[in-house]
Protein chains: 2
Amino acid sequence: MDPAVVGRRVRALREERGISLSTLARLAGVGKATLSGLENGTRNPTLETLWAVTAQLGVPFTALLAEPTAEPTVHGSAVTATLLEVFTDTDATYELYRMRVAPGVTQLSPAHQPGVTEHITVFAGVLRAGPADAPLTAPAGGHLRWDSDVPHTYAAVGDEEVAASLLLRYPRR
Amino acid sequence: MDPAVVGRRVRALREERGISLSTLARLAGVGKATLSGLENGTRNPTLETLWAVTAQLGVPFTALLAEPTAEPTVHGSAVTATLLEVFTDTDATYELYRMRVAPGVTQLSPAHQPGVTEHITVFAGVLRAGPADAPLTAPAGGHLRWDSDVPHTYAAVGDEEVAASLLLRYPRR
DNA sequence: CGCTGTCGTTCCGTAAACGGAACGCTGGGA
DNA sequence: TCCCAGCGTTCCGTTTACGGAACGACAGCG
C-alpha cells in the first residue's frame, strides 16, 4: 500500500469540492502540516487523522484505498465486470457493475430472459454494444439501453479501453 | 471513529483464524507491542500498521471499517445518495452514487466547480432533475446529463420514489 | 506602490507510535 | 517436581506523526 496513493485521492477529493487545504484542515480539526504531509505522501497518517479528514470530505474510508481485488468479478474475452451492488425493488432486481472493455476484441454474450434490460453509462473511451444485429455506439458521457433478450455484443471503438457502469434490470416475474 | 472498535474487529478476525497475537505480529512484520496496543485500543495505529495487519489477515481493509462508514451520505431534504465507488482516470475523477429521491419534495443543490457534469440513469419512478432554470425529465430506463456548474434540482414526479444511479464527473484541472 | 488576506509548505518542540526485550502467566512433557 | 515453550502485556529507547507558528508566493485593492 502506498501512502502516496491515498494522498493523491484526498487531494483530488478536496479539489473537487473547491476548498483549500487550510480550510479542510481547520474543518477536520487537524494541522495544516498534517494535511499537507498526508496529501503529499510524506507522512504515514494515523487512523485518527484519516478518519477526521475523510469524515469531513463525506467520503467512506474505503474510497481512499486501492483496489480491494476481492470483489466478485466476471471475466470475458473483452469485458471485465465487477459487481458493485445488488438491490431489489418492488417490481425488479438490479445488478450494478463497473465494466471495463479491452480494445481490439468483440465479446458476444447470450440472450437473457425476456424483459431483462441493460443500461450502460460510458465514463471513458467509446463503446459499441447492444443487440448483435444492431449494436449502438456511445462516447464518454453517453448512455446505452437495450432489451437483452437477444444475443448482444460489447466492443471498444478505437484503441482506448472503455470504462463504464452496467446496470442489469431483471423484472419480477 | 473509535480505535477500540477497530481493535476489537482485528482481534475477532485473528481469533477466527486461530492464530496467536505473537504469530500475527511476526507474519505482519509489526511489533507485538504494536499489535497488542492496536487490539486493545490503546494506540492510534498508522496507515502502514493497519495495512500490514489487514493484509496478513486477508481482509481487504474494508471489513474493518465498511459497516460504520457505509452509511448513506444524506444529500438533503429529498435525496438520499450512497457513494458506491470513487475512481480516478487520467483526465477526470468519478464518483458513482446510488440515489433515491423521495416524492413530494424538490431539492435544490448548489453549483459545483466549472466543468463538472452529472449523469443519471433512472431505474424506477420518474425523475425531474437538472439546472434549476431548465430541469429535464426521465422515466424509468431513461438518462439525464447536464453541466452542474449552476444550481440544480432533483424531484420525483408522481407518488413513486425514484431510484437512480448518479455519476459525478470532475475533470482534472 | 505597500497593505492585507489566503494559499501551501517548512520548521520545530512535543506527544506518541514504533519494535525489541523483558515480564509474568499458563499448559504440557519427562 | 522442574523445565520450557508459547502466550499476551508492559517497559523503554528510538523514531516519527502531531499541531502551532513562521515562511515565501501570490492576488486583490486603495
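In what follows, chains are A, B, ... by sequence order, proteins preceding strands, each numbered from 1.
With rounding to whole Å, B/E39 atom CD is found 16 Å from D/dT10 atom C1'. Remark: C1' of C/dG8 and CG of A/L24 are 13 Å apart, rounded to the nearest angstrom. Between the CG atom of B/L21 and the P atom of D/dT10 there is a distance of 12 Å, rounded to whole Å. At whole-Å resolution of the value, CG in A/L47 and P in C/dA16 are 16 Å apart. Following rounding to the nearest Å, A/L38 (CG) and D/dA17 (P) show an atom-to-atom distance of 11 Å.
Using a 4.0 Å cut-off, no side-chain N or O of A/T42 falls inside it from OP1 or OP2 of D/dT16. Phosphate contact (OP1/OP2 of C/dG8, side-chain N/O of A/S36, threshold under 4.0 Å): absent. OP1 or OP2 of D/dC7 has at least one side-chain nitrogen or oxygen of B/S20 nearer than 4.0 Å.
When the nearest nucleotides of DNA chain D are assigned to B/S22 and B/E48 by heavy-atom distance, the more 5′-ward of the two goes with B/S22.
Screening residues 111-137 of chain B for salt bridge (charged side-chain N to carboxylate O under 4.0 Å, His left out), with sequence neighbours left out, gives no hits.
In this structure, B/E161 places its CD atom where more than 12 heavy-atom neighbours from other residues, nucleotides or ligands lie under 6.0 Å away.
Using a 4.5 Å heavy-atom cutoff, the side chains of A/L50 and A/V6 are in contact. Residues B/T23 and B/R14 have side chains not in contact (no heavy-atom distance under 4.5 Å, counting atoms from C-beta outward). Side-chain atoms of B/Y154 and B/V162, non-hydrogen and from C-beta on, never get closer than 4.5 Å to each other.
Of the listed residues (B/T137, B/T121, B/L127), just one forms a side-chain contact (heavy atoms from CB on, under 4.5 Å) with B/L144, and that residue is B/L127.
Using a 4.0 Å heavy-atom cutoff across all strands shown, A/R26 reaches no nucleic acid atom at all.
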Practice item. Starting at the 5' end of nucleotides 18-29 of chain D, put B wherever the base has a protein heavy atom under 4.0 Å, S where only the sugar-phosphate does, and a dash everywhere else. Key: BBB---------
